[in-house]
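What follows is a set of notes on a single structure, which appears directly below.
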Amino acid sequence: MSHAQQDTHMLSLDRVTVNLGQRTFGPFSFVIQPGERIAVLGPSGAGKSTLLKLLARELSPLSGQAIFCQQPLKDWALPDLSRRRAILPQSHEVAFGLPVDLVIGLGRVARMHDPSLASIVQQAAEQACAAHLLGRRFDTLSGGEKARVQMARVFAQLWDVEQGLLLVDEPLAALDPGLQFSLMEAIYTFAANRGHAILAILHDINQALQGFERLIFIKHGAMVGDYLTPHVTLPLLEALYNVSLAAAVTEEGEMIVAPSLKRKVGG
Amino acid sequence: MSATAGAISLTSRFTTGLLNRPVWFLSLVLLLCFWVAAWAGAVPVTTDDWLVLWRHDEPLTSGAYVLWNLRLPRILFAALVGAVLGLSGALTQGLFRNPLADPGLLGVTSGAACAAALTIVVLAGSGIDIPVAWRFWILPLAAFAGAVGVCLLLDTVARWLTADSIAGLLLTGIALNALAAAIIGLCTYLATDEQLRSLTFWTLGSLAGGSWPLVGTLLVLLLAAIWYVRRLVSAMNALALGEAAAAHVGINVRHLRRRVIILVALLCGFSVAWCGVIGFIGLVAPHIVRLVIGPDQRRLVPLAMLVGAIILLVADTTARIVAIPAEIPVGIFTALLGAPFFLALLTSVRKGG
């Protein structure tokens, strides 16, 4: 990899390992370019969330180097970092039942002077299909509505920024398929308009295959694969999840996979 | 429609900040309470007594003496202590993301009282001669140290247990309260008669010590705290998202926690040192505000101070006038007001959950 290329990296991990509890995860080595859409796949407990925590700087590396926008991740001041990357969490709870407007506005709390806050909150809510929820209390919302408000908060955080990084931790897993689809579309549009990269942890293989251009496989706490989506084959996915999969191809030529009942022998 | 209204209300909340209508309303109520409290009491006060400051040539009547040297400093002191308690309650609840957190319930005030009791008994017993000038400060400092100790312990335990374990936090508070009660009991057992009298003062709580120097000191402390808190309230709102998410939006959670803990300990330490343990206001005041106007810390904090001031002023005035010429400890009235409210609160939380 040449140095000229390295300058354009938004994020690069170089043999990063991380400790959580008694386990060591990693090494993780990959780079993220601006505007890329990457899905992280792997069985439960493989370390996907740990990788996300590492990128979110909730955990610090045990060894190796994590560089974000030409600066080591650990050297970033939190308010500056919050203007370049946002995290859509898995759980949506907010204490005290704050009003929805305030929750969305909290995405921009680190900005000292923020004259366009109200209009950004409004637009972010619209983009996340949550405009009708403004003015309500967060704790009176349903699960799907909470997810939309949290998404609007994340949108507000990176609203007026270019080439940021959006980390997504399977926030839509519990929602109905129609809502999942429209919210994923909202995330794609939001990120594409601003050149934000997306790194999303997903359980749904089909969502990953259809919406993401690159897939990172994680198993037993380590990275076991990094493929462009067209190069992903059924045996690779079967090995990752240790199951037999059946595949079908849609009229548009996209692969759809589903687990078949018999367990893969010797996997 | 509702979307536009929401956006507008957000703007107004950001721009008007402190200067909103509930603040004016509560300030008026507080002034009214001042007025009633100044006239009420064992010694009757006349209009002439109010004007005595501008008539230096006349001899001081008993009414004027009581009004200017005893009653006015006391009611101002009561209002200031109430505001301090309301503020520390609002901050504690915001910090622990828990509407049931309160410096009294969590053992912070007990820790302060415990340290004060130890200072009274052990320091006096050790025979070390303390200069008179220091005595004014040594108890507040001890109480502050006690409050900080408990706060840091709670913070550690709260995170050592699961991140959001409310039960664990409150159980820790109960354990700390019991420990503090045991140490205070031991101090009571070891104390001399004179020490015993000051110990009783600390455990029951009284505003009788209110004087102009105390009012001045507390006012400075409160103004400094308000100035300091002004910059923390938005960050404390972010804390409601959870610690991880607050860090994601750019809040340095560890620094914020430290700052709030030191501030709460300082406020509790000083109020306990000068007027003993006065319970329930720290719990009730922020809760009334939250029920009426919502949980936004930027509005909650100033309003909780005003509500705390009103409650304690009313409770203290009642304590002064209900059995003239005797005086009932104010802690009895705050508990009488607070305990039923607390039970109602628990019921509503249970229904809500």
Side-chain angles (χ1 to χ4, degrees), chain A residues 53 56-58 76-112 114-115 117-123 125-126 130-140 150 153-154 156-157 167 169, chain B residues 1-15 90 93-101 163-164 166 231-256 286-287 289-291 293-300 349 352-353:
Chain A
K53 284 193 172 116
R57 221 180 76 170
E58 277 173 59
W76 279 80
L78 279 174
D80 296 337
L81 192 57
S82 77
R83 282 173 221 187
R84 294 303 295 271
R85 70 101 189 80
I87 292 109
L88 188 56
Q90 195 169 13
S91 77
H92 307 303
E93 285 319 310
V94 172
F96 294 130
L98 293 177
V100 165
D101 316 61
L102 182 61
V103 172
I104 299 175
L106 283 176
R108 304 177 65 80
V109 72
R111 289 165 172 82
M112 281 297 171
D114 198 13
L117 178 69
S119 89
I120 289 179
V121 166
Q122 178 73 34
Q123 294 171 62
E126 276 162 19
H132 61 294
L133 303 173
L134 290 171
R136 286 182 59 186
R137 278 171 58 124
F138 189 83
D139 58 354
T140 64
Q150 291 281 11
R153 170 175 71 77
V154 167
Q157 187 176 341
L167 302 172
D169 190 0
Chain B
M1 259 328 268
S2 73
T4 331
I8 288 167
S9 79
L10 186 80
T11 329
S12 64
R13 231 175 290 138
F14 269 86
T15 47
Q93 294 178 3
L95 180 68
F96 290 108
R97 293 204 301 286
N98 181 351
L100 293 183
D164 288 311
I166 294 164
R231 298 176 304 158
L232 298 183
V233 283
S234 287
M236 290 198 73
N237 270 336
L239 215 49
L241 297 173
E243 268 182 48
H248 297 161
V249 296
I251 303 297
N252 192 329
V253 177
R254 214 167 39 150
H255 284 193
L256 181 67
H287 234 282
V289 178
R290 202 175 289 120
L291 286 176
I293 64 145
D296 184 349
Q297 290 276 345
R298 288 166 301 176
R299 306 178 79 202
L300 179 76
V349 166

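Chain letters run A, B, ... following the sequence lines, proteins first and then strands; every chain starts at 1. Bear in mind the structure is a predicted one, so any value in this text is a computation, not a measurement.
- Chosen from A:A86, A:G107, A:P89, the residue pairing most often with chain B at heavy-atom distances under 4.5 Å is A:G107.
- Contacts of A:E126 with chain B are absent, with no heavy-atom separation under 4.5 Å from either backbone or side chain.
- Both the backbone and the side chain of A:L98 come within contact range of chain B, judged by heavy atoms closer than 4.5 Å.
- Closest approach of B:V249 to A:V109, counting heavy atoms only: CG2-CG1, 3.8 Å.
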Chi angles and distances behind the side-chain contact (heavy atoms from CB on, under 4.5 Å) call for A:V100, A:V103: CA-CA 5 Å; A:V100 165; A:V103 172; 5.6 Å; no

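- Contact record, B:Q93 with B:A101: CG-O, 2.8 Å, taken as the closest heavy-atom pair.
- Side chain of A:Q157 to main chain of A:R85: a donor-acceptor pair is present (N/O by atom type, distance under 3.5 Å, no hydrogens or angles).
- Looking at A:R111, neither its backbone nor its side chain comes within 4.5 Å of chain B, counting heavy atoms on both sides.
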